[in-house]
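Some notes on the structure that comes next.
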Protein chains: 2
Amino acid sequence: MVIAEFDNDSTFNPDDFLRNVSVDNVIFGYHDKELRVLLQLPLTFDKWTLTGGYIKRTETIEEAAHRIAYSRTGLNNLFLQQFRSFGTPTRISYNQFDLEKVNKLIGAEATANAWMFDYFVSVGFYTLTEFSLVEVKKGGYDEVCKWWPINELPSLIFDHQHIIDEALRALRMHISFFPIGYELLPEKFTLPEIHSLYETILGKSLDYRNFQKRLIATGILIKLNETRSIGAHRSPFLYKFDVAKYEEGLKSGVALAF
Amino acid sequence: MVIAEFDNDSTFNPDDFLRNVSVDNVIFGYHDKELRVLLQLPLTFDKWTLTGGYIKRTETIEEAAHRIAYSRTGLNNLFLQQFRSFGTPTRISYNQFDLEKVNKLIGAEATANAWMFDYFVSVGFYTLTEFSLVEVKKGGYDEVCKWWPINELPSLIFDHQHIIDEALRALRMHISFFPIGYELLPEKFTLPEIHSLYETILGKSLDYRNFQKRLIATGILIKLNETRSIGAHRSPFLYKFDVAKYEEGLKSGVALAF
DNA sequence: TGAATAGTGTCTTTAAGACAGTATATC
DNA sequence: GATATACTGTCTTAAAGACACTATTCA
């Protein structure tokens, strides 16, 4: 629930958007055994927020989620997954806004019943991407937009901490039934790399031998006849995804009960 | 997305409700090996709809779902489960309304941009109840409200068939991980009864011996020293739920991979 | 040759799935 | 005793989980 739309549209008009519904994206980023979330610090708050926004009258909620994600990451083929909606009259609280800053932005005196302080039901989406390659673009009304390690999140506005918790729960459930990694790993990757990926997302260690057995058994991996040189150590073999089987797994599920 | 609120409130004022968000309840009913859905035929359509409604500015989306479910079933302790939200600009289509009837109801000429024809994002909830004991109450603006067998649904308005399909998918996934039956079976029930319940909901047959083994293994059942007389047949034993373990299972899940 | 990482195999336990004959209640 | 339903047990197979040693790279 933020004013991301202002960014590319200087003639922002609330009437072009749905009232009382918004989208919040929980964008998880993975890199080098670390899981982060993309958060922004709007000028109108002194707390961080998810990258969210309003829904245009001409677009679906999924399109809105993609547009908002694109506006921050420049990525337009993210696998955005709806996981829950959040609706409580008190979730958006008037007094968490910095009214002085709001007034300056609006160029007028904001009253307590201004549309932006209204009760918004937020539809939550999450996604997962490789964050080291993403060029984060802050919105015109944000001070900063950056990746925060999942275990060291700053103080968040409204119920955004709760939304992140729920998104992480959904993500962790999701990866027991569907393959992940295609957007997160280089085209050719090693088993230790994908092993670390799963461990990081699940937040627990997985026996490497059993992990390998199960992952191979899904049939989504193709072992290559190349190795990666990693210094004074044995060189691990490279693998790539069998894209057809990976896609198939995304649809009908894959047995990986972690 | 219907005008259920009119029912108990003759002074219905759209300003008391959120714009552009609604709730749709998929109320599944079970009785005697049959699964049904509660649908209503509003005066303003010639197609059937889910029992849905708008969200008051003073209530959470969950409270709205409960209020709406109560208004049709008289039940107020339903286990309503949010499963997805639906938002497409075209999902509510103006020309599926019977304008003549709408005008008569409103007492004025409805224009194409009236609030009720607007783009509504609908938050979907489902629940499951024993339908033979429910006294269905139709809304003041409905012609009928009744249970339809899941396999013989009438023609539904908007995307309501799709919402039902998604709800059923969620329900079937749900019962592989969580116990069901407490609200659906009499306090004392037999194994063949709960077996039929699972078969009906899943829409497939389950080997009785394996089913029993797994269900007993969950520990949520208590075998009683009584039997039920069912005529010229062997009398099955009665069971009841171990409520504490059942509740526990609702929280942390139960292994029942069907 | 030592340090760090990659790779591999077996055993045990548990669960899933297929399958058929005996027991009981009433007419 | 005929009929309809309830009840029970075993075998096979597959998957999960625990566990420890060998192989490779290069400084």
Side-chain angles (χ1 to χ4, degrees), chain A residues 32-33 172-173 175-179 185-186 188-200 202 204-240 249 252-258, chain B residues 32-33 172-173 175-179 185-186 188-200 202 204-240 249 252-258:
Chain A
D32 199 16
K33 306 191 183 184
R172 286 178 173 166
M173 198 167 294
I175 73 170
S176 289
F177 299 103
F178 299 95
L185 296 168
K188 300 174 181 180
F189 53 89
T190 68
L191 284 182
E193 281 167 353
I194 194 170
H195 178 236
S196 293
L197 169 63
Y198 273 82
E199 285 195 331
T200 304
L202 289 170
K204 64 182 179 189
S205 58
L206 301 169
D207 182 277
Y208 179 73
R209 291 158 291 188
N210 295 330
F211 172 82
Q212 188 191 124
K213 263 185 290 182
R214 280 197 245 176
L215 198 61
I216 298 283
T218 64
I220 60 173
L221 293 189
I222 298 173
K223 186 174 185 172
L224 303 173
N225 239 336
E226 311 166 53
T227 56
R228 165 168 300 162
S229 187
I230 54 164
H233 312 297
R234 178 169 179 174
S235 308
F237 278 95
L238 287 167
Y239 288 76
K240 64 176 184 180
S252 32
V254 130
L256 279 171
F258 291 119
Chain B
D32 199 16
K33 305 191 183 185
R172 285 178 173 165
M173 197 168 293
I175 73 171
S176 288
F177 298 102
F178 298 93
L185 298 167
K188 299 175 181 180
F189 53 89
T190 69
L191 285 181
E193 283 168 351
I194 194 170
H195 178 237
S196 294
L197 169 64
Y198 274 81
E199 285 195 330
T200 303
L202 289 170
K204 64 182 181 189
S205 59
L206 301 169
D207 181 277
Y208 179 74
R209 291 159 290 188
N210 295 332
F211 172 82
Q212 188 191 124
K213 263 185 289 182
R214 282 197 245 173
L215 198 61
I216 298 283
T218 64
I220 60 172
L221 294 189
I222 298 172
K223 187 174 184 172
L224 303 174
N225 239 335
E226 312 167 51
T227 57
R228 164 169 298 162
S229 187
I230 54 164
H233 312 297
R234 178 168 178 176
S235 309
F237 278 96
L238 287 167
Y239 288 76
K240 64 176 185 180
S252 32
V254 132
L256 278 172
F258 291 118

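Model, not experiment: these values are computed from the prediction. Naming convention: chains lettered A, B, ... in sequence-line order (proteins, then strands); numbering from 1 in each chain.
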* Using a 4.0 Å heavy-atom cut-off, write out nucleotides 9-17 of chain D from 5' to 3' as B (base contacted by protein), S (sugar-phosphate only) or - (no contact). => BB-----SB
Enumerate, atom names and distances included, each donor-acceptor pair closer than 3.5 Å involving a side-chain atom of residues 190-197 of chain B, sequence neighbours excluded.
unit_1 : atom_1 : unit_2 : atom_2 : d
B:T190 : OG1    : B:E193 : N      : 3.2
B:E193 : OE1    : B:T190 : N      : 2.9
B:E193 : OE1    : B:R228 : NH1    : 3.0
B:E193 : OE2    : B:R228 : NH1    : 2.2
B:H195 : NE2    : B:E199 : OE2    : 3.3
B:H195 : NE2    : B:L206 : O      : 2.7
B:S196 : OG     : B:P192 : O      : 3.1

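- Interatomic distance, B:S205 OG to B:F211 CZ, rounded to the nearest 0.5 Å: 12.5 Å.
- No donor-acceptor pair closer than 3.5 Å links the side chain of A:R214 to the backbone N or O of A:A255.
- The distance from the OG atom of B:S252 to the CZ atom of B:F177 is 13.5 Å, given to the nearest 0.5 Å.
- From A:N210, atom CG reaches atom CD of A:Q212 across 10.0 Å, with rounding to the nearest 0.5 Å.
- Residues that satisfy the side-chain contact (heavy atoms from CB on, under 4.5 Å) test with A:S235, not counting sequence neighbours, are A:T227.
- Listed by residue number, B:K223, B:I230 are the residues of residues 217-231 of chain B with a heavy-atom contact under 4.0 Å to DNA chain D.
- In this structure, the separation between CZ on B:F237 and NZ on B:K223 is 4.5 Å, given to the nearest 0.5 Å.
- In this structure B:F189 satisfies the ring pair (Phe, Tyr, Trp, His ring centres under 6.0 Å) test together with B:F241, sequence neighbours excluded.
- Put simply, chain A comes within 4.0 Å of DNA chain C, heavy atom to any atom, from C:dA3 to C:dT10, going 5' to 3'.
- A distance-only check finds a donor-acceptor pair linking the side chain of A:T218 to the backbone of A:L215 [under 3.5 Å].
- Among the heavy atoms of the strands lying under 4.0 Å from B:Y208 is at least one base atom, whether or not backbone atoms are also near.
- Distance NE2 (B:H195) to C1' (D:dT5): 13 Å, rounded to an integer number of Å.
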* To do: Would you sort out whether B:Y239 and B:L185 count as a side chain to side chain contact (heavy atoms under 4.5 Å, CB included), showing the intermediate values?
  => CA-CA 11 Å; B:Y239 288 76; B:L185 298 167; over 6 Å; no
